[in-house]
Amino acid sequence: MKVVDSIPLLRELISEWKRNGCTVGFVPTMGNLHNGHLKLVKRAKAHCDKVIVSIFVNPMQFGANEDLDAYPRTIDQDKAKLIAEGADAVFLPSVKDMYPAGLSAQTFVEVPGISEVLCGASRPGHFRGVATVVCKLFNMVQPDDAFFGEKDFQQLQVIRTLVRDLSMPVTVHGVPTERESSGLAMSSRNGYLTDKEKATASLIYQAMQKIKSAIESGESDLNALESTAIAELERAGFKNDYIKIVNADTFMPAKVEDSHLVIVVALFMGTTRLIDNLQIHR
Ligand code: PAF
């Protein structure tokens with residue numbers, strides 16, 4: 001696996017691949033890789049001739065009181081996992097490479113509407129940071145295909161909207177969430193939880209499944225389903241940020257006629273913010 005730590009070296013490598021007629025699959029990450037990330041790499045390998053993964057803990061998407069400094073950095077283990085998975089290259093840009101003029105002077109990309117609700121409302125500036133770094137990474141890597149986890153479903157839809165609105169020549173693939181056997185969605189932030197908290201956190205998936213089967217059985221009072229789930233999870237020890245049933249494309253509250261819905265959840269277990277979602281096609 002090639003380890004590329006500068007933009008000129010990256011461009012050289014990508015040009016060589018393209019000269020040889022290879023398609024390029026790209027998996028952007030912030031590292032601390034788990035099976036969810038490795039599934040993205042597998043999917044990219046099945047789809048493209050060459051696969052490159054980026055590892056960059058993006059300061060622009062963290063709020064002032066969030067876990068930027070504490071965010072787990074496990075670069076050696078990450079490289080070993082990527083080698084085992086057969087990735088062709090890993091790109092490790094520095095903060096200086098990404099934001100040469102500093103964060104506050106940085107040109108940014110903002111996706112209106114979908115970036116302003118739910119996680120966007122709870123974490124002001126978060127999706128601006130995600131959209132900007134993904135746009136920059138796409139310009140650097142120039143991939144044919146890019147792979148993102150459905151675990152961050154709002155992020156995935158923000159990126160799909162960005163690619164459509166800016167006519168970027170990249171196909172975005174959403175890859176289903178990888179879960180522990182308990183149902184808990186895999187996430188780098190699960191590392192902050194104790195075993196007891198992890199066991200409780202698996203209730204999130206059960207609560208979403210309950211909502212999904214109620215909707216599939218014809219329940220139309222979505223507000224009541226949301227409130228019941230919030231009350232149950234608060235009783236179990238979570239602090240609620242939101243549980244909402246929304247239109248999967250716009251993230252606006254679901255309507256009776258919507259055919260693709262998503263139940264989106266953000267809850268705190270202690271100081272750890274956990275997100276998850278479950279789609280409903282009808
Ligand atoms: O999902 C993530 O890991 C990050 O938000 C991403 C897409 C790599 C951008 O920093």
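We count ligands from 1, going down the list as the structure has it; atoms in each ligand are counted the same way. Quick note: numbers below take in every heavy atom, side chains included, and nothing from hydrogens, waters or symmetry partners.
Applying the ring-ring contact (aromatic ring centres under 6.0 Å, His included) criterion to Y242, with sequence neighbours excluded, gives no partner residue. Residues passing the side chain to side chain contact (heavy atoms under 4.5 Å, CB included) test with A80, sequence neighbours excluded: none.
Residue-level proximity to ligand 1 for T29 is carried by the backbone, the only part with a heavy atom below 4.0 angstrom.
Between D67 and R189, at least one side-chain N (NZ, or NE/NH1/NH2) sits under 4.0 Å from a carboxylate O, which counts as a salt bridge. Remark: R123 engages E66 in a salt bridge, criterion side-chain N to carboxylate O under 4.0 Å.
Residue V133 has at least one heavy-atom neighbour below 4.0 Å for each of these atoms of ligand 1: 9 (C), 10 (O). Per-residue contacts place Q155 under 4.0 angstrom from the following atoms of ligand 1 (heavy atoms of the residue considered): 1 (O), 2 (C), 4 (C), 5 (O), 7 (C).
A centroid separation of 6.0 Å or more is found between the aromatic rings of F91 and F26.
Nearest non-hydrogen protein atom to atom 10 (O) of ligand 1 is Q61 OE1, 2.6 Å.
The shortest N/O to N/O separation between N58 and ligand 1 does not fall below 3.5 Å.
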